[in-house]
Amino acid sequence: AIIEGAIYNPNTGFGFGLHIQNHSWGSTNSSTTLANAVKACFEESCVFAVASGNDGDQTINYPASYKDEWVLKVGASDISGDRALFSTFGNDLDVIAPGTNDIYATLDHNNNSGYSYNGNGTSFAAPHVAGVSAIFLSEHNIDNGYPNNLAPEDVEYFLENFATDVPPVGYNQETGFGRVNAALSLERLSFPDYYVFHAGGQSSPLQTTSAGMSVIVSNNTNGVAAGNYVADRYQVTYNFLDILPPGQTVVDEWPRY
């Protein structure tokens, strides 16, 4: 389902090509199948927001604890704005967002009155991040006159760098970069003052080759048996040159993986 949500093949009709996925679930067990699915989602440039867990400690939960560039790991804040005591932390937590029932509640779907669920959990925090990510993408895209659509790395940068810092001060494993601040983040990626530009002016690549290198494969991996091999190494270097319009300057930069 993760893969089918992230990719779309127009020739076969397979997949949905989602821009954002929210995953309000988790397990202490990982699997190769799950890891490959989350990786595939990342490779298809789909934002993957996931709940950190409700253990209140540094329990390693999946898919929240996969590689930081693959997922947005979201903890919960309480009515004070600080980390909720039940919110699982550590292992590259990115941000926190509202996750207690004194902040939100959902109406009963049968009669639109009364509250059908008043629970607490990071399962309610992660959708806040998915929703803010959707606001970013709906504002900053080529249909609105921007030079390019946002990538997941862009979304993560703005969520983290313009979050509201909460104790402990600065980035930390308990609250990540802080509590999500949708208004400030949106302000910092919107025309006319700001926008995100994907670099990519490319010159001719420079390729160097080192032939006949000795390689030791310690363990069987990716279909290659352990043993001693002779291999050629190719190193390709690209230089990128981008010229911005007059009067514009680079405020900050970050990598896209």
Side-chain angles (χ1 to χ4, degrees), residues 1-3 5-6 16 18-30 34-35 37-39 41-42 44-79 81-106 116-138 150 152-164 166 171-182 185-186:
I2 295 171
I3 296 173
F16 296 93
L18 298 178
H19 298 101
I20 302 165
Q21 293 186 32
N22 179 77
H23 291 268
S24 288
W25 62 279
S27 171
T28 55
N29 297 318
S30 178
L34 178 60
V38 177
K39 180 183 178 183
C41 185
F42 162 73
E44 293 294 329
S45 295
C46 182
V47 176
F48 194 96
V50 61
S52 68
N54 304 320
D55 304 291
D57 55 18
Q58 298 192 61
T59 299
I60 303 298
N61 293 311
Y62 299 97
S65 297
Y66 286 132
K67 289 185 178 181
D68 182 51
E69 59 263 34
W70 294 1
V71 303
L72 285 171
K73 186 175 185 178
V74 184
S77 61
D78 60 18
I79 197 169
D82 295 337
R83 182 182 72 87
L85 293 179
F86 61 79
S87 181
T88 300
F89 53 93
N91 201 32
D92 297 323
L93 182 78
D94 289 300
V95 290
I96 60 175
T100 58
N101 64 5
D102 42 19
I103 302 175
Y104 74 87
T106 52
S116 61
Y117 195 82
N118 289 337
N120 301 320
T122 57
S123 285
F124 307 101
H128 281 82
V129 169
V132 173
S133 300
I135 294 175
F136 292 172
L137 296 180
S138 65
L150 293 180
E153 292 88 347
D154 305 329
V155 171
E156 182 172 12
Y157 173 88
F158 280 90
L159 287 170
E160 293 177 348
N161 281 268
F162 301 108
T164 300
V166 297
Y171 179 81
N172 59 83
Q173 292 293 333
E174 292 189 24
T175 60
F177 287 86
R179 190 175 63 252
V180 169
N181 188 327
S185 301
L186 190 63

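The shown structure was predicted, so the numbers you read here are calculated from the model rather than taken from an experiment.
- The closest donor-acceptor contact from the side chain of Glu174 to the backbone of Gly90 lies at 3.5 Å or more, if one exists at all.
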Exercise. Could you walk me through whether Ile2 and His23 pass the side-chain contact (heavy atoms from CB on, under 4.5 Å) check?
Worked result: CA-CA 10 Å; Ile2 295 171; His23 291 268; 3.6 Å; yes
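- Every side chain to side chain contact (heavy atoms under 4.5 Å, CB included) that Ala130 has, sequence neighbours left out, goes to Ile20, Asn22, Ala49.
- For Val95 against Val129, the heavy-atom pair with the smallest separation is CG2-CG2, 3.9 Å.
- Scored by the ring-ring contact (aromatic ring centres under 6.0 Å, His included) test, Phe89 finds no partners at all (sequence neighbours excluded).
- For the pair Glu156 and Asp94, the minimum side-chain heavy-atom distance is below 4.5 Å.
- Here the straight-line distance linking atom OG of Ser87 with atom CG of Asn120 works out to 11.0 Å at 0.5 Å rounding.
- Screening Thr28, Asn61, Thr122 for a side-chain hydrogen bond (donor to acceptor under 3.5 Å, both in side chains) with Asp55, the sole residue that qualifies is Asn61.
- The two residues Val50 and Trp25 have their closest heavy-atom pair at CG2-O, 4.1 Å.
- Between Ala126 and Ala51, the shortest heavy-atom distance links the atoms CB-N, 3.7 Å.
- Between Trp70 and Tyr66, the ring planes are tilted. Angles from 30° to 60° get that label.
- Looking at heavy atoms from C-beta onward, His128 lies out of side-chain contact with Val180 at the 4.5 angstrom threshold.
- Separation of atoms OG (Ser27) and CD1 (Ile60) is listed at 12.5 Å; rounding is to 0.5 Å.
- Contacts of Thr59 classified as side-chain hydrogen bond (donor to acceptor under 3.5 Å, both in side chains), with partners at least two apart in sequence or in another chain: Asp57.
- Remark: side-chain polar atoms of Ser77 are not paired, donor with acceptor, to backbone N or O of Arg83 under 3.5 angstrom.
- At most 12 non-hydrogen atoms from other residues, nucleotides or ligands lie less than 6.0 angstrom from CG of Leu85.
- The OH atom of Tyr171 lies 6.0 Å from the CG atom of Leu93; values are rounded to the nearest 0.5 Å.
- For the residue pair Asp78 and Thr100, no side-chain donor N or O sits within less than 3.5 Å of a side-chain acceptor on the partner.
- In this structure, the separation between CG on Leu150 and NE2 on His19 is 10.5 Å, given to the nearest 0.5 Å.
- Looking at heavy atoms from C-beta onward, Phe162 lies out of side-chain contact with Asn181 at the 4.5 angstrom threshold.
- Of all the heavy atoms in Cys46 and Gln21, the pair that sits closest is SG-CG, 3.7 Å.
- Atom CG of Asp82 and atom CD1 of Ile96 lie 7.0 Å apart (nearest 0.5 Å).
- Heavy atoms only, all atoms of each residue included: Ser24 and Ser123 are closest at OG-O, 2.7 Å.
- Here the CD atom belonging to Glu44 is positioned 9.5 Å from the CD1 atom belonging to Ile3, to the nearest 0.5 angstrom.
- Ring geometry for Phe158 versus Phe136: interplanar angle over 60°, hence perpendicular rather than tilted (30 to 60°).
- Here the shortest heavy-atom pairing between Asn91 and Ser65 reads ND2-CB, 2.9 Å.
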